[in-house]
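Values reported hereafter were calculated over all heavy atoms of this structure, with side chains retained and with hydrogens, waters and symmetry mates removed. Remember, it's 1-based here, ligands and their atoms both numbered in the order they're listed. All residue numbers in this chain count up from 1 along the given sequence.
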Amino acid sequence: METLADAIRTLAVRGAPAIGIAAAYGCVLAAMNAPRGAGFEEGFRRRLDILAATRPTAVNLFHSIDAQRRVFEEWKSVEGLENALLRSADAMREDDLAASRAMGRFGADLLKPGSTVLTHCNAGGLATAGLGTALAVIYEARDRGILDRVYADETRPLLQGARLTSWELDRAGIPVVVMPDSAAASLLRTGSVDAVIVGSDRVAASGDAANKIGTYSLALAAKAHGVPFYVVAPVSTFDMSTASGEEIVIEQRGREELAVTGNMRILPAGVGVYNPAFDVTPAALITALVCEKGIIHSPDRDSVGAVVTGMDRT
Ligand code: MRU
């Protein structure tokens with residue numbers, strides 16, 4: 001289980017839904033690794049706390065660990081618990097795939113024929129149970145024959161766009177052009193992008209959405225140039241207990257991610273770094289939120305509440 005926790009910490013497993021699903025399986029390992037006998041409950045709960053401390057922003061992590069805690073509380077006995085937790089983790093994985101398919105269909109309805117889409121970070125199969133959030137829309141648009149091409153931000157500093165999104169799309173035969181994050185505003189200004197589509201790590205009750213650092217500036221640029229900005233996220237990424245984006249904890253990552261490029265140390269030793277992993281895009285900049293339950297146009301507290309209430313996986 002420590003290996004799995006480390007994989008989440010070091011981003012070997014990353015992307016909000018994938019983190020949540022991995023953590024659900026981590027809870028199975030926690031049950032397997034906890035000492036038998038009187039110390040079981042304490043050992044099991046301590047391991048769940050270790051998993052919960054791996055990354056702070058993606059709410060899927062906390063939703064899935066809470067769900068597994070409930071399985072433990074309902075099950076009560078150690079006997080059969082591992083199988084119950086495993087069934088629950090399998091169900092989360094299957095639900096996520098089904099959600100991706102539904103989001104792909106809803107999201108593609110927002111696109112016109114011949115669309116060029118700009119995306120940020122990686123919100124594809126490598127971030128989910130296998131299909132994606134933003135990229136599920138792109139795959140569906142391709143299948144419908146309405147997609148022209150995709151621009152992918154390289155996504156500084158860890159390059160999820162350059163390393164993961166370009167690999168996924170190229171492998172799927174989708175024309176993809178990678179660019180520096182800093183090129184996005186000027187590309188949007190040319191009028192050649194029809195929609196910006198991104199995923200999210202946590203959507204607050206207000207509709208404010210946290211996502212990979214750089215998403216907020218992309219949303220501002222999209223607004224300035226009249227390009228629709230869509231956030232695609234399953235219900236498992238909504239956090240109705242967080243009132244607004246201001247309450248979302250933003251993960252700060254280490255100095256080395258900025259100080260070292262490849263094998264080369266590029267920052268002088270005394271220089272400080274500011275390295276937030278995420279930012280928050282206010283709902284007012286989001287043209288629509290897409291989840292597996294449908295499309296929330298011009299999201300706000302009421303519309304988000306109306307669509308998400310009744311969610312059964314949190
Ligand atoms: O730091 P990461 O790589 O885990 O950040 C991932 C993102 O920001 C994704 O865009 C988000 O999780 C949506 S994934 C479907």
Within the protein, flag every N or O under 3.5 Å from an N or O of ligand 1, and note the pair and distance.
residue: ligand 1; atom: 1 (O); partner: Arg55; partner atom: NH1; Å: 3.4
residue: ligand 1; atom: 1 (O); partner: Arg55; partner atom: NH2; Å: 2.8
residue: ligand 1; atom: 1 (O); partner: Lys212; partner atom: NZ; Å: 2.7
residue: ligand 1; atom: 3 (O); partner: Arg14; partner atom: NE; Å: 2.9
residue: ligand 1; atom: 3 (O); partner: Arg14; partner atom: NH2; Å: 3.2
residue: ligand 1; atom: 3 (O); partner: Gln160; partner atom: NE2; Å: 2.9
residue: ligand 1; atom: 4 (O); partner: Gly15; partner atom: N; Å: 3.0
residue: ligand 1; atom: 4 (O); partner: Arg55; partner atom: NH1; Å: 2.8
residue: ligand 1; atom: 8 (O); partner: Asp201; partner atom: OD1; Å: 2.8
residue: ligand 1; atom: 8 (O); partner: Asn211; partner atom: OD1; Å: 3.2
residue: ligand 1; atom: 8 (O); partner: Lys212; partner atom: N; Å: 3.2
residue: ligand 1; atom: 10 (O); partner: Asn211; partner atom: OD1; Å: 2.7
residue: ligand 1; atom: 12 (O); partner: Ala16; partner atom: N; Å: 2.9
residue: ligand 1; atom: 12 (O); partner: Asp201; partner atom: OD1; Å: 3.2
residue: ligand 1; atom: 12 (O); partner: Asp201; partner atom: OD2; Å: 3.0

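With sequence neighbours left out, Glu73 forms a salt bridge (Lys or Arg N to Asp or Glu O under 4.0 Å) with Arg45.
Electrostatic pairing of Asp66 and Arg69 counts as a salt bridge here, judged by a charged N lying under 4.0 Å from a carboxylate O. Under a 4.0 Å N-O distance rule, the pair Arg149/Asp194 does not qualify as a salt bridge.
Judged by distance alone, the side chains of Asn122 and Arg14 do bring a donor and an acceptor atom under 3.5 Å apart. No side-chain donor-acceptor contact under 3.5 Å links Thr165 and Gln160.
Nearest heavy atoms, Ala184 versus Leu118: CB-CD2, 4.2 Å.
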